[in-house]
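Written out below as structure tokens is the structure these notes cover.
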Amino acid sequence: MQYTFNDIEAKWQKYWVENETFKAENQSDKPKYYVLDMFPYPSGAGLHVGHPLGYIASDIYARYKRHKGFNVLHPQGYDSFGLPAEQYAIQTGQHPALTTEENIKTYRRQLDQIGFSFDWSREVRTSDPNYYKWTQWIFIQLYESWYNNDTQKAEPIETLMSKFSSEGNTAVHAACDADVETFSAEDWSSFSSKKQQEILLQYRLTYLAETEVNWCPALGTVLANDEIVNGVSERGSHPVMRKKMTQWSMRISAYSERLLQGLDTIDWTDSLKESQRNWIGKSIGAMANFKVIPNVTLSAVDGSREVSVFTTRPDTIFGVSFMTLAPEHELVSQITTPEQKDAVEAYIQSTSKRSERERMADVKTISGVFTGAYAEHPFSKEPIPIWIGDYVLAGYGTGAVMSVPCGDQRDYAFAKHFNIPIPNVFEGGDISEEAFTEKEKTIITNSDFLNGLPYNKAMKRAIFELEKIGQGEGKTNYRLRDSVFSRQRYWGEPFPVYYVNGMPQMIDKAHLPIRLPEVEKYLPTETGEPPLGRADVWAWDAKKCSVVSNQLIDDEAVFPLELNTMPGWAGSSWYFFRYMDANNDLDFASEDALKYWENVDLYIGGSEHATGHLLYSRFWVKFMKDRGFVGVEEPFKKLINQGMILGTSAFVYRLSYMFLNPKVEEAVGSKILKKLQNIYISHSEFISKGDLASDKDALKRLKNTLAEIAGLPNADTLENLIVVPLPIHVKVQYINASDELDIAGLKTDGEFGDDYKDAIFIGEKGDIIDGNSDVYKVGREVEKMSKSKYNVVNPDSICEDYGADSLRLYEMFLGPLEQYKPWNTAGITGVHGFLKKLWKLYVDDTGIKVSDTDPSKDHLKTLHKTIKKVEEDIESFSFNTSVSTFMIAVNELTAQKCTSRSILEPLIVLMSPYAPHIAEELWSQLGHNSSISTAAFPKFEAKHLVESSKNYPISFNGKMRFTLELPMDLNKEEIEKAVMNHEKTMAQLEGRIPKKIIVVPGKIVNIVD
RNA sequence: GCUGAAGUGGUGGAAUUGGUAGACACGUUGGACUUAAAAUCCAAUGUCCAUUAGGACGUACGGGUUCAAGUCCCGUCUUCAGUACCA
């Protein structure tokens, strides 16, 4: 009988569906185990071989846990809202719901053919109204909550309202907007209800706020930072503006400390925890307030203005020689003196043109302007000049810094550039060239009451003194910012929100879901409203409690609905709870189900979600815990990041070379020229993507750097000399690796233009080549699989040619789960051959050949060492090594001609998580009527591995020379005697007397002479 | 720059607590079977020297600890990923 994998796999896939083999029950005597994959976005391209990697691993683990007697929840679903479907809709006019449905069908077919043990009865789709109904509901709960810093918990907004009416807000410690006014209980009750609502909005966990976005008028949409290149849109090169928009935000910053602390309670990789820690960015330091010195020429100054700064090094406060405000800082306009007004305004003008990204990219250029104002040092009372500079970011801390040039490189560079004094406050060291490093900043000097103190004591003392004079306090700052929750898109969850007099109102739970309205086009409106602005039936009738036509909007009962939709991470922040009770109409999941399944025991997915999905989910879960909706504090107990499977792409590239005018060599000498070449090559900033010739700014920067290195007075000397600093391979286009291509046909002329006609080209080896001849070659590169790179390997054809079991085994065999690794289809013949060998171990021409004879000692030894290794491997997620173990076992048993049922039955159970189809088939041929998934995992018995002898490696001075078979029960002395008397030992020693003989019984013998 | 991970044959990768480096595969070479091919099976395969016996060298590089180091310690280099005027 042949191993007809296609038939066998189809047969068992059908069996599993018909018998609901993998359906999980919400109650059981067995212990529970919840294994989850990050659910996929169903893209139009379908699955490639990289996608199932994590699913295979989790499926093996889920099946293993079932064998081990657990009630396993292993569901799957789709993160089906998202941009690609919307883009496709814009281009084709097809409704995203239709294309999404199509894509899901493809995904499901592809997933099914790999033989996953998903419980599909629990499938969720984020774009399903029955699902997003509950996403909307959670949004409402966030709106109806505030964060109490005293209890460190979210509470219903009502408790805040009652605090306000009994004591005002002065004693309330809450996470809220920075600019909340203070009021008493009397004030509160005197406020209009609109004013009360406005104040409450500053406390809610989701709130409306003015946020700066990248607005592209030509495209009529908001762009993400990555969609902007050099200040213009990536698509179409249209100008992009910073624009303030009112958007929903999530007060995730309220949870900074808990999100940080919670990391210690979960089993994630260190690198992932570290990313989240960095993202949360806790820094401990102090706030210090510097009084602005009134200036007689400024009429408005009243002497009460203060510059607040955050610093992590309050011990350096006597090293302050200036202060720097972000150009956007609100004090700037108030304190600037008339003499400096023009300069300051010109500076603000020029910096506002640059995007935040540009500012951050260009770290080297130092710029700033003096405001003319001075602040008073809190202790020395010296006047300190106040500058503005764009190296200070408005968005972090207070948007102002106390500049300590001796201890901070940026302050140092700024001070040098503008000739500001650099007072030293540390003992020892040298600050003639650069600021002190962290290591050098130890003992404080020149600092009044801090003199002689080590920095950590000085920090405490400085904070104490600041608090004493009421000009500062200890403070912890977090980098984590609230996240914008609005998207100007169509294909996302609509907000359950309508507006009365501009104030948001939540729609009652009873009327959810608020379904996405129909629109005739998926683009923003001509007036710049989001796509939902095109909907005709998109108003809320507060009396009838239903969505009605916009035409009916009036002042009394019909109001406009929110036009934004929720971002992609909304639906994915809580879906793991929905699987627990996916078909519940009354609640997002029943209390019983939530209590039984608790949270995810094992979560597998990509590391690209480290600071997105994995942080937002933790935030929502903590919130839901606070409000009593769920019982757990963390969503994912253990998390594993599967590595990416990469494809090999082929492309045509044009060789470009660094080329310099010969004058450079004259000017700088050949030695420096060589140095320059190395710098070009190692300086990745300059060898950026594409052709540097088109990036004038980068070219200019390069010239400055070169001039500096070459010791030239200024970059002008190089003006006509340096042209393009390469070599790089400029990719011309990707090709299908197997295609023949007429490379000559791609040749183009005048690529560099006349600007560079005097240049000489220097090749990769330093040789001079003809600059006008472009050279095209075909290159190969291992990179992420992508349709546009023609390097995608499709699992369908693999399943057809080799079977799903081969695919599963091979993906695991490829290497450690967490590692990035290239796909190489050639290797699959190895595992496929192994499956055939396995088949032949059980089945011959006449059928199953198993016998009920007693197993030999060798058989038992092979089986039990396999059980032991495989169990250890699965527990440690080392799936690649267990595949090798299976190969070794089958090789050994084949050589031993084993047909014993008591060996072959447990062996196939061991393998069934990895290769479930062949396992089911052999299991049933062995005479079993029920699925192999119900069989118990074989039990390891150590007695079968007990050896009576050991093949000792005999080393001389640490080098193994030969091995010697000795009985296990010999003691040290007996082993030593046996080894020393051996003729090979004599031969090695050649009569020398050993200085020392190390004997480790059961391991090794080492003879030192 | 900072943080994290990694660097082992032609390739993917093994190696438990420091104890026989290169398991298991792919590829390559030779052979068997075949008219031939595929499939299958057998053998060899880290590099170098040697007819053999055997030997030398080998886990990015340089040191160190140890009877013994891929594994531990110090320093250096390289690659990948994340992050970045975060005060």
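Just so it is clear, the structure is predicted and the values come from calculations on it, not from any experiment. Order of the sequence lines sets the chain letters (A, B, ...), proteins ahead of strands, with each chain counted from 1.
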So does A:Arg410 get a side-chain nitrogen or oxygen closer than 4.0 Å to the phosphate oxygens (OP1/OP2) of B:A84?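 Answer is no, no contact under 4.0 Å.
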Please assess A:His613 against A:Trp569 for the test side chain to side chain contact (heavy atoms under 4.5 Å, CB included), listing each intermediate value before the final yes or no. CA-CA 6 Å; A:His613 162 61; A:Trp569 57 270; 5.6 Å; no
Look at the aromatic rings of A:Phe418 and A:Trp387 and report parallel, tilted or perpendicular, splitting at 30° and 60°.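 Tilted.
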Step by step, would you call A:Lys821 with A:Leu646 a side chain to side chain contact (heavy atoms under 4.5 Å, CB included)? CA-CA 6 Å; A:Lys821 49 210 171 241; A:Leu646 307 167; over 6 Å; no
How does each nucleotide of nucleotides 5-13 of chain B score, in 5' to 3' order, for protein heavy atoms under 4.0 Å: base (B), sugar-phosphate only (S), or none (-)? -------BS
How many Å lie between [atom1] on [X] and [atom2] on [N], as a whole number?
X: A:Lys282; N: B:A87; atom1: NZ; atom2: C1'; value: 18 Å
X: A:Gln409; N: B:C86; atom1: CD; atom2: P; value: 12 Å
X: A:Lys995; N: B:U66; atom1: NZ; atom2: P; value: 14 Å

Under the criterion ring pair (Phe, Tyr, Trp, His ring centres under 6.0 Å), I'd like the reasoning laid out for A:Tyr914 against A:Phe886: C-alpha separation, chi angles, the key distance, then a yes or no. CA-CA 10 Å; A:Tyr914 291 79; A:Phe886 292 137; 5.1 Å; yes
Given that A:Gly833 and A:Val1008 both sit by RNA chain B, which one's nearest nucleotide is further toward the 5' end?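 Closer to the 5' end of RNA chain B: A:Gly833.
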Scan A:Asn951 against the nucleic acid and name what it touches under 4.0 Å (heavy atoms): base, sugar-phosphate only, or nothing.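 Base, at least one base heavy atom under 4.0 Å.
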Just checking A:Asn1006: base, sugar-phosphate only, or nothing, at a heavy-atom cut-off of under 4.0 Å?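 The residue A:Asn1006 makes base contact.
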Just name whichever nucleotide pairs with [N], Watson-Crick or G-U, keeping both distances under 3.5 Å, else none.
N: B:U34; value: none
N: B:A56; value: B:U47
N: B:C86; value: none
N: B:G4; value: B:C80

Salt bridge present between A:Glu274 and A:Arg277 (N-O < 4.0 angstrom):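 Salt bridge present between A:Glu274 and A:Arg277.
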With a 4.0 Å cut-off, would you call A:Lys972 and A:Glu976 a salt bridge?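 A:Glu976 and A:Lys972: not salt-bridged.
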Where do N or O atoms of nucleotides 57-63 of chain B meet protein N or O atoms at under 3.5 Å, pair by pair?
from, atom 1, to, atom 2, distance (Å)
B:C57, OP2, A:Lys959, NZ, 3.4

So which nucleotide from B:U83, B:C86, B:U20 ends up closest to the side chain of A:Trp279?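 From the listed options, B:U83 comes nearest.
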Kindly indicate, with the supporting measurements, whether the criterion side-chain hydrogen bond (donor to acceptor under 3.5 Å, both in side chains) is fulfilled by A:Ser253 and A:Ser256. CA-CA 5 Å; A:Ser253 59; A:Ser256 299; 5.4 Å; no
